[in-house]
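Contents: one structure, followed by commentary.
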Amino acid sequence: QTASSLPQRGFEETCGLWSGAELTAILRGLGVMDTTLPLLQEAYEIICQLAEQQTNLRFTTDQMSTVSLSVLRGILIVYNFMFKEGQKYFNDYRVCLMRTTSFKKTPIDQSSGWRGKRQRPAQMEKVWVVNLHFWCMNPAVAFTELLGAHSIILTSGTLSPIHSFSSELGVDFPIQLEANHVVPEAQTWIYSIPSGPSGHSLLANFQ
């Protein structure tokens, strides 16, 4: 499926969404599997080495841009998580291909006269922008990279309830500490203010 044939989602916006199972079939058709992923990583490293050599030799033609290398690196990182532990986390991913409109300034051709650089007029041109998103719906996927550490300390004022937080990360925390609130109960006061100083009723809604 191409970006131009995506279903309409909104005004001047098309979007395609695939589940992990659907993505597996697509990647397999492209030859991307757990057995071929090491070959892709090796090819990426060779491309990076060639790009670095071309930069050192100051070649300006047939050279992959830094942005393209960064995109490839990001895709390979996602693939590594997807194929990890026998494709255990494939169903935790969603892939979204989105096509939206944007506007950019383009200079107006004025071959009949000359103007300074700051005086050249420009017009807004509408262009289509295509974005590829990999959405991970499970925080435990990324947290598995930290499990080899000697110890992990998580501190926050919003971790409670700790049991649900632990299940989301897929890790049991043998040592837990929940301290009392920093403000003593005697110094807290909860009160509803129904009206202002002039007696006008206060409405905390969209009206």
Side-chain angles (χ1 to χ4, degrees), residues 1-104 106 125-150 152 165-172:
Q1 189 175 18
T2 61
S4 58
S5 62
L6 295 174
Q8 190 80 17
R9 296 286 183 175
F11 178 71
E12 294 187 342
E13 177 181 309
T14 59
C15 177
L17 186 64
W18 295 269
S19 64
E22 294 170 334
L23 180 61
T24 303
I26 295 174
L27 293 179
R28 186 175 297 275
L30 298 174
V32 180
M33 297 172 287
D34 53 350
T35 56
T36 60
L37 187 58
L39 299 177
L40 295 176
Q41 292 176 331
E42 183 179 354
Y44 170 75
E45 294 175 358
I46 294 175
I47 292 175
C48 290
Q49 294 176 0
L50 293 176
E52 184 178 358
Q53 294 175 3
Q54 291 176 343
T55 301
N56 295 334
L57 296 176
R58 298 182 180 180
F59 289 160
T60 58
T61 58
D62 299 332
Q63 181 176 349
M64 182 171 288
S65 65
T66 305
V67 176
S68 299
L69 291 174
S70 178
V71 172
L72 287 176
R73 179 177 179 272
I75 292 177
L76 287 176
I77 290 176
V78 174
Y79 284 173
N80 278 319
F81 279 115
M82 286 183 172
F83 289 106
K84 192 174 184 179
E85 299 182 23
Q87 303 182 12
K88 177 181 178 181
Y89 302 110
F90 241 107
N91 290 328
D92 294 320
Y93 277 87
R94 301 292 184 272
V95 177
C96 176
L97 183 61
M98 186 175 298
R99 186 171 181 257
T100 57
T101 57
S102 181
F103 291 89
K104 70 174 184 178
T106 57
E125 180 184 1
K126 183 170 68 175
V127 296
W128 285 98
V129 179
V130 179
N131 292 302
L132 178 63
H133 303 271
F134 290 89
W135 296 337
C136 180
M137 318 303 292
N138 181 8
V141 176
F143 198 78
T144 55
E145 293 292 299
L146 304 177
L147 297 183
H150 179 269
I152 299 176
F165 184 78
S166 176
S167 63
E168 290 177 0
L169 295 181
V171 179
D172 293 328

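Bear in mind that the values here come from a model prediction, so they are computed numbers and not experimental data. All residue numbers refer to positions in the sequence shown, counting from 1.
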How about [X] and [Y]: do any of their side-chain heavy atoms sit closer than 4.5 Å?
{"X": "Pro7", "Y": "Cys15", "answer": "no"}
{"X": "Gln41", "Y": "Tyr44", "answer": "no"}
{"X": "Leu132", "Y": "Phe134", "answer": "yes"}
{"X": "Thr101", "Y": "Val127", "answer": "no"}
{"X": "Ser102", "Y": "Val129", "answer": "yes"}
{"X": "Asp92", "Y": "Phe81", "answer": "no"}
{"X": "Lys84", "Y": "Thr144", "answer": "yes"}
{"X": "Ser19", "Y": "Asn91", "answer": "no"}

| task | Walk me through it: do Leu37 and Leu76 pass the test side chain to side chain contact (heavy atoms under 4.5 Å, CB included)? | result | CA-CA 8 Å; Leu37 187 58; Leu76 287 176; 4.2 Å; yes
ask   = Can you check whether Phe90 and Phe83 have ring centres sitting under 6.0 Å from each other?
value =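 Yes, the ring of Phe90 comes within the 6.0 Å limit of the ring of Phe83, centre to centre.
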How close do [X] and [Y] get, heavy atom to heavy atom, and via which atoms?
{"X": "Gly31", "Y": "Thr36", "answer": "O-OG1, 2.7 Å"}
{"X": "Leu17", "Y": "Cys96", "answer": "CD1-CB, 3.9 Å"}
{"X": "Val130", "Y": "Leu97", "answer": "CG1-CD1, 3.6 Å"}

Once rounded to the nearest 0.5 Å, what's the spacing between atom [atom1] of [X] and atom [atom2] of [Y]?
{"X": "Trp18", "Y": "Leu23", "atom1": "CH2", "atom2": "CG", "answer": "9.5 Å"}
{"X": "Tyr89", "Y": "Asn80", "atom1": "OH", "atom2": "CG", "answer": "13.5 Å"}
{"X": "Leu72", "Y": "Ile77", "atom1": "CG", "atom2": "CD1", "answer": "11.0 Å"}

Report task. Taking atom CD of Glu42 as the centre, report whether more than 12 heavy atoms of other residues, nucleotides or ligands fall under 6.0 Å from it. Result ->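 No, because the 6.0 Å sphere around CD of Glu42 holds 12 heavy atoms or fewer from other groups.
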Looking at Met33, I'd like to know if its CE atom is crowded, meaning that more than 12 non-hydrogen atoms belonging to other residues, nucleotides or ligands lie closer than 6.0 Å.
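Check passes, neighbour count above 12.
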Checking the side chain of [X] only, and the main-chain atoms of [Y] only, is there a donor and an acceptor separated by less than 3.5 Å?
{"X": "Ser65", "Y": "Ser68", "answer": "yes"}
{"X": "Ser70", "Y": "Thr66", "answer": "no"}
{"X": "Glu52", "Y": "Gln49", "answer": "no"}

- Message: Determine whether Met98 and Thr100 satisfy the following criterion, side chain to side chain contact (heavy atoms under 4.5 Å, CB included), listing intermediate values before the conclusion.
- Response: CA-CA 6 Å; Met98 186 175 298; Thr100 57; 3.8 Å; yes
Take Glu12 and Lys126, measure what salt bridge (charged side-chain N to carboxylate O under 4.0 Å, His left out) needs, and give me the verdict at the end. CA-CA 11 Å; Glu12 294 187 342; Lys126 183 170 68 175; 2.8 Å; yes
Does NZ or CZ of Arg94 lie under 6.0 Å from the centre of the six-membered ring of Trp135, at an angle within 45° of the ring axis?
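Geometry flag: not set, cation outside 6.0 Å or 45°.
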Does a donor on one side chain sit under 3.5 Å from an acceptor on the other, for Asn138 and Glu168?
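The criterion, which ignores hydrogens and geometry beyond distance, is not satisfied for Glu168 and Asn138.
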Trace of the side chain to side chain contact (heavy atoms under 4.5 Å, CB included) decision for Gln87 with Thr24:
CA-CA 9 Å; Gln87 303 182 12; Thr24 303; 4.1 Å; yes
### Query
Can we say Glu45 and Arg73 salt-bridge, meaning some charged N sits less than 4.0 Å from an Asp/Glu carboxylate O?
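Looking at Glu45 and Arg73, the cut-off is not met.
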